[in-house]
Trainee: 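Structure in structure tokens, see below.
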Amino acid sequence: MKYDVIVVGSGITGLSSAYHLKKSDSSLKILVIDKFKTFSQGNTAKSAAAFRDFFSLRENQVMAQASINFYKHLQNDLNIDIGMKFCGYLFLFDKEKDNEFVSKYPNSKIIYDNLSEFFNFNIDNETKKIMNIDSVKTAILDTNAGIIEPDLLSGFYYNELIEMGVEFKFNTEVKRLVLSPLKSLDYPGEPFNWQESMVTYLETGNEKIESDFYVLCTDVWTTKLLDPLGIDSHLRPKKRQIFQITSPGIKSIINKNMFNNSGVFPFTIFPSGVYIRPYPQASSFWTSLADDYNRDFSFTENPEPEPDFYTYNIKPILDNYFPAADSSRITSSWAGYYSYNTIDYMPYIFNSLNIITVSGTTGGGIMKGDSIGRVVASRYKRDKATTLYGGKKIINTYSGKYRSSKIEDMIL
Ligand SMILES: Cc1cc2nc3c(=O)[nH]c(=O)nc-3n(C[C@H](O)[C@H](O)[C@H](O)COP(=O)(O)OP(=O)(O)OC[C@H]3O[C@@H](n4cnc5c(N)ncnc54)[C@H](O)[C@@H]3O)c2cc1C
């Protein structure tokens, strides 16, 4: 059995890539392989699954906006429930920000009213000194933002792929991509440097599966597959933890939105980066923090959440800014990884040999998931540009033998 394309990884980026590959050429014979027992059990399942178009880099903005619009189209026009709620993304800054700053962000505005009922705006002097935090000075709301359910979104792509005849192979770990010369001389030690070579098959535990082309959507596991080939994955794993909390105060506000009628409290980021993500199904918030320092880039297969991380890094911030969390308790917690592009937080999508690699989604793979799949499909055809949902285009560049650039910072 030989395939045209094998996609390794069935999280959101693998599903979206397979979907757009098949949509752009229905004759392609595609196989999606995943080591888990079904789709989207990796970091897609561990995500806070929030979306926004508040990004300082225009390319990130455009990729998120196009994906958000596609998801909105699924839910509103095609009546496919993907749990999308436009509850907004509220940024609370302890620094003054002016209208010039906000004007860089297309769907965002400074908010003045209706906040003191929910947040503490007066940090006492002692706390300011000890914790290096200050009272909130500016609140900015991104209205093209909210939450989504990754299992429902993934389910949409998966059902479509099954319908279109794409094959899936679960419970199957790819151990190795095997490089061979295009014209073999049957000498031991091939391929030699002067031979043109490609990945000809991949090895799982007990079989070899052949394909003409490979797409790696393997997130933080990518380095393990690319390192033996001498290809840099350009990603660094960073552990991220989520704690689900509830309290009487949280129960009383979770379905209130002071800005719109979404019926869900806005996703809110406090000064210092601690955030709360509404989880109305359990009258709870998920709270987390994308910490920069004091956590190394080591990787374990099953990362555990650390209660002390909540107690000493997250809770003191909630205690100061968010009275509804008083006397809250943790009802669930888990940990996963961001696959970081540590340079500019853009996803890397690059061609090398007969492989396209998707990596470095940096905490945004769901909100940019549909656009990522479109870039993969267009790079497979070696198009000069990718047309995103809604018509905006991103230039694809292909330079160097092993790696072209990340999505180019040029938008047509
Ligand atoms: C705590 C946390 C919060 C987050 N919050 C958000 C958020 O609010 N919004 C947002 O947009 N993003 C968020 N993210 C990031 C988002 O979850 C990721 O960017 C996204 O899920 C990446 O999708 P993926 O398909 O590339 O990876 P994954 O979902 O991890 O899928 C990779 C798949 O590859 C498979 N695989 C790997 N190696 C092999 C192999 N050798 N053989 C077979 N299969 C293999 C794995 O089994 C897995 O299923 C968050 C992430 C975390 C951890």
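The basis for the numbers below is simple: all heavy atoms, side chains too, and nothing from hydrogens, waters or symmetry mates. In listed order, ligands and their atoms are each counted from 1.
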Trainee: Which word best sums up how the rings of F70 and Y389 line up, parallel for under 30°, tilted for 30 to 60°, or perpendicular for over 60°?
Mentor: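 It falls in the perpendicular class, over 60°.
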
Trainee: Considering non-hydrogen atoms only, spot the tightest contact between K368 and N60 and give its length.
Mentor: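 Taking K368 first and N60 second, the nearest heavy atoms are NZ-OD1, 2.9 Å.
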
Trainee: Establish, for the pair R374 and Y19, whether the NZ or CZ atom is under 6.0 angstrom from the six-membered ring centre and no further than 45 degrees off its axis.
Mentor: no

Trainee: Please produce the table of protein N or O atoms sitting under 3.5 Å from N or O atoms belonging to ligand 1, one pair a line, distance to 0.1 Å.
Mentor:
{"from": "ligand 1", "atom 1": "5 (N)", "to": "S47", "atom 2": "OG", "distance (Å)": "3.4"}
{"from": "ligand 1", "atom 1": "5 (N)", "to": "A48", "atom 2": "N", "distance (Å)": "3.1"}
{"from": "ligand 1", "atom 1": "8 (O)", "to": "A49", "atom 2": "N", "distance (Å)": "3.3"}
{"from": "ligand 1", "atom 1": "8 (O)", "to": "A50", "atom 2": "N", "distance (Å)": "2.9"}
{"from": "ligand 1", "atom 1": "9 (N)", "to": "A50", "atom 2": "O", "distance (Å)": "2.9"}
{"from": "ligand 1", "atom 1": "11 (O)", "to": "I366", "atom 2": "N", "distance (Å)": "3.0"}
{"from": "ligand 1", "atom 1": "11 (O)", "to": "M367", "atom 2": "N", "distance (Å)": "2.8"}
{"from": "ligand 1", "atom 1": "12 (N)", "to": "G363", "atom 2": "O", "distance (Å)": "3.1"}
{"from": "ligand 1", "atom 1": "17 (O)", "to": "N43", "atom 2": "O", "distance (Å)": "3.1"}
{"from": "ligand 1", "atom 1": "19 (O)", "to": "T361", "atom 2": "OG1", "distance (Å)": "2.8"}
{"from": "ligand 1", "atom 1": "19 (O)", "to": "G365", "atom 2": "N", "distance (Å)": "2.9"}
{"from": "ligand 1", "atom 1": "21 (O)", "to": "T44", "atom 2": "N", "distance (Å)": "3.2"}
{"from": "ligand 1", "atom 1": "21 (O)", "to": "T44", "atom 2": "OG1", "distance (Å)": "2.9"}
{"from": "ligand 1", "atom 1": "23 (O)", "to": "T44", "atom 2": "OG1", "distance (Å)": "3.4"}
{"from": "ligand 1", "atom 1": "25 (O)", "to": "I12", "atom 2": "N", "distance (Å)": "3.1"}
{"from": "ligand 1", "atom 1": "25 (O)", "to": "T13", "atom 2": "N", "distance (Å)": "3.0"}
{"from": "ligand 1", "atom 1": "25 (O)", "to": "T13", "atom 2": "OG1", "distance (Å)": "3.0"}
{"from": "ligand 1", "atom 1": "26 (O)", "to": "T13", "atom 2": "OG1", "distance (Å)": "2.8"}
{"from": "ligand 1", "atom 1": "29 (O)", "to": "N43", "atom 2": "N", "distance (Å)": "3.4"}
{"from": "ligand 1", "atom 1": "29 (O)", "to": "T44", "atom 2": "N", "distance (Å)": "2.9"}
{"from": "ligand 1", "atom 1": "29 (O)", "to": "T44", "atom 2": "OG1", "distance (Å)": "2.5"}
{"from": "ligand 1", "atom 1": "30 (O)", "to": "N43", "atom 2": "N", "distance (Å)": "2.9"}
{"from": "ligand 1", "atom 1": "30 (O)", "to": "D219", "atom 2": "OD2", "distance (Å)": "3.1"}
{"from": "ligand 1", "atom 1": "41 (N)", "to": "V174", "atom 2": "O", "distance (Å)": "2.9"}
{"from": "ligand 1", "atom 1": "42 (N)", "to": "V174", "atom 2": "N", "distance (Å)": "2.8"}
{"from": "ligand 1", "atom 1": "44 (N)", "to": "K35", "atom 2": "N", "distance (Å)": "3.1"}
{"from": "ligand 1", "atom 1": "47 (O)", "to": "D34", "atom 2": "OD1", "distance (Å)": "2.7"}
{"from": "ligand 1", "atom 1": "49 (O)", "to": "D34", "atom 2": "OD1", "distance (Å)": "3.2"}
{"from": "ligand 1", "atom 1": "49 (O)", "to": "D34", "atom 2": "OD2", "distance (Å)": "2.6"}

Trainee: Test E173 against every option in R176, K175, K169 by the salt bridge (charged side-chain N to carboxylate O under 4.0 Å, His left out) rule and name the one that passes.
Mentor: K175

Trainee: Is there any side chain to side chain donor-acceptor pair (under 3.5 Å) pair reaching into residues 271-282, and which pairs are they, with sequence neighbours excluded?
Mentor: E149-Q281

Trainee: Could you tell me whether the side chain of Q241 and the main chain of E306 form a donor-acceptor pair under 3.5 Å?
Mentor: yes

